[in-house]
Amino acid sequence: MIDRELRQMFLERETIAPPVEPLASRIRTRAARRDRRIRIRWLVTAVAAVVLVVAAVPTALAGWRGASPVPPGDRQSASPPTSSPTLPPGPLVPAPDVAVDIPVSPGWLPGSLRDPTYATARMDDGLREVGYHAASPKVGDVESVTITTVPAAPSRDLVLPDAPGDGASAVDKRDLRVRGHGARQNTWTLPYMGTRWCTLSWAERPGLWIVVAVLEKTRDMSRAGAARCSIGRRVAEELIERSMALARAIRLTLVPAGYELRVTGTEREMWCPTTVSDIMYGFLCLHATDGLNEGSLGPSFGVAVSVRGHPGRLRRLPRVELVVPGYLHLTMATSKMESSIVDLSDEDMVRMAEAAIPSRPW
Amino acid sequence: MTFEEYLAARLPALVRYAVMLTGDPYSAEDIVQDAMLRAYRVWRRVQRADHPDRYVKRILTNVYLSWRRGRRLRPAIPYAEAPEVPVGDATESTALRQEMWARLGGLAPRQRAAVVLRYYEDLPDAEIAEILGCAVGTVRSQISRALETLRRTISLTNGVGHDR
């Protein structure tokens with residue numbers, strides 16, 4: 001009975017699988033980008049070797065290096081549109097400017113981790129998270145450090161996401177003091193992944209709980225090894241109570257009337273109708289991502305549009321989707337999916353896209 | 001088979017598999033993209049494997065398992081519900097499957113992967129064990145625990161499901 005129902009359930013859910021064309025295009029683009037990076041790395045290595053051999057021409061080398069890359073700060077600090085969008089009467093309204101900060105900043109991080117690579121902010125429960133991931137960690141390296149703040153005691157998902165029956169070792173739980181507060185330290189290993197986790201959680205003050213999670217690559221799967229958590233404790237002890245703005249992959253400045261921000265960060269921005277109270281109904285919301293990994297789309301993907309002079313495609317299935325490769329990807333439910341949703345015209349979709357601030361300047 | 005040929009032939013099936021694992025199309029796209037790029041990096045090894053598809057599925061499953069940890073905060077975002085197919089007592093059956101789909105999200109990631117591999121991919125336990133990188137006995141115990149959890153749910157809501 002349950003077997004048959006499970007099989008039937010899975011078959012029915014096949015219809016929610018997204019179309020593969022945009023995904024295939026993204027994969028091809030990223031694969032090609034990776035090939036290019038490798039070729040450039042080889043080229044740079046070869047050039048550097050030649051330059052070293054011909055060390056007599058240092059000025060030439062300096063000249064060659066003269067073309068400095070764009071400072072990282074420029075890439076991150078996407079400038080807002082030069083003028084505020086003029087709004088003709090319609091279903092779009094200026095998005096409220098919500099500050100997306102995490103109330104603490106790291107005072108110390110392991111050497112291999114410098115800039116945040118991941119951030120998320122949830123408006124519903126006030127969760128803020130910033131993650132630092134190593135580019136290519138080796139055995140013995142710290143793979144990631146994640147700092148999370150929540151206004152109330154953290155859920156199990158934050159402090160102990162793995163269960164022993166889930167391929168994880170037994171959990172070593174200890175009570176200790178961090179920054180003068182009583183804290184819980186959980187450590188465990190995932191032998192099949194070759195990783196060791198340590199999470200530290202404590203109440204810094206009323207309304208501010210902090211979780212520091214450290215993931216290390218290791219071959220030491222012993223209980224003694226798992227109990228070590230010196231890096232996590234140092235990150236925790238040296239945290240500074242100074243707020244830090246979280247990176248956002250994209251920021252919408254025009255949104256449909258009656259929508260509010262629910263989730264933002266480096267992954268996507270999600271705005272939902274105020275009538276949608278449960279995030280589980282996110283399919284009724286507006287999703288925006290930065291489109292950096294979108295490849296070019298063919299004529300089978302809707303109609304051609306131009307967004308700030310960049311070519312994009314817009315199509316309507318049950319959902320309306322606007323893709324501008326390299327800049328943004330908007331997708332939104334329509335009244336065909338939920339009758340209370342007010343449909344946006346193609347022009348409104350383009351206007352919303354033009355007013356968006358992606359992670360790199362248009 | 002080149003990477004491009006594989007992508008053209010197998011991507012739709014991999015995306016569907018990922019949807020069953022993650023429960024939502026956005027996360028499914030993310031993990032398939034990540035897995036395919038990892039596969040691309042080791043494509044020669046994939047080509048040489050006895051079963052390239054199983055190799056890629058193992059990569060995808062591992063990406064899903066680690067994604068559940070590293071990016072555990074993204075909310076599950078269900079998509080539009082599938083149109084229901086009227087079979088038998090359609091109302092009861094539909095409610096049952098909707099409840100099961102919701103409860104599937106509460107299973108431990110490896111349990112869910114094992115259930116998807118058996119009941120969606122229809123793989124024998126030995127192949128599931130190979131993909132999950134564990135013993136056949138572990139696969140059976142994972143599935144058994146998962147079914148027990150689902151049965152409890154079903155019996156609570158519908159009073160059925162104890163017939164296995």
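Every chain is numbered from 1 and lettered A, B, ... according to where its sequence line falls, protein lines coming before strand lines.
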(message) Restricting to side chain to side chain donor-acceptor pair (under 3.5 Å), what partner residues turn up for B/Tyr55, sequence neighbours left out?
(response)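 Not a single residue meets the side chain to side chain donor-acceptor pair (under 3.5 Å) criterion with B/Tyr55.
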(message) Tell me if a side-chain donor or acceptor on B/Arg112 pairs with a main-chain N or O of B/Met20 at a distance below 3.5 Å.
(response)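 Yes, the answer is positive, given that a donor and an acceptor are paired below the 3.5 Å cut-off.
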(message) Between A/Thr218 and A/Thr195 (side chain of the first, backbone of the second, donor and acceptor by atom type, cut-off under 3.5 Å), is there such a pair?
(response)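 Side chain of A/Thr218 to backbone of A/Thr195: no pair is present.
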(request) Select one option (side chain, backbone, both, neither) describing which atoms of B/Asp34 are under 4.5 Å from chain A's heavy atoms. (result)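 Neither part.
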When you check the side-chain N and O atoms of [X] and [Y], is any donor under 3.5 Å from an acceptor?
X	Y	result
A/Thr331	A/Arg319	yes
A/Thr264	A/Arg248	yes
A/His329	A/Glu321	yes

(request) Can you see which heavy atom on B/Pro25 is nearest to which on A/Ile16, and at what distance? (result)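 In this case the closest contact between B/Pro25 and A/Ile16 is CB-O, 3.5 Å.
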(message) Quick test of your reading of the model: are B/Glu4 and A/Arg28 salt-bridged, counting only N-O distances below 4.0 Å?
(response)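 Judged by the 4.0 Å cut-off on N to carboxylate O distance, B/Glu4 and A/Arg28 do form a salt bridge.
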(request) Using a 4.5 Å cut-off on heavy atoms from C-beta on, say whether the side chain of A/Thr289 contacts that of B/Tyr26. (result)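 The answer is no, as the side chains (C-beta and beyond) never meet within the 4.5 Å cut-off.
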(message) Could you work out, with ring-ring contact (aromatic ring centres under 6.0 Å, His included) as the rule, every residue matching A/Phe10, not counting sequence neighbours?
(response)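 ring-ring contact (aromatic ring centres under 6.0 Å, His included) check on A/Phe10 returns B/Tyr120.
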(message) Taking 4.5 Å as the heavy-atom cut-off, does anything in residues 35-46 of chain B contact chain A, and if so which residues?
(response)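 From residues 35-46 of chain B, the residues near chain A are B/Met36, B/Leu37, B/Tyr40, B/Arg41.
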(message) Report, in residue-number order, which members of residues 9-17 of chain B are under 4.5 Å from chain A by heavy-atom distance.
(response)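 Within residues 9-17 of chain B, near chain A: B/Leu11, B/Pro12, B/Val15, B/Arg16.
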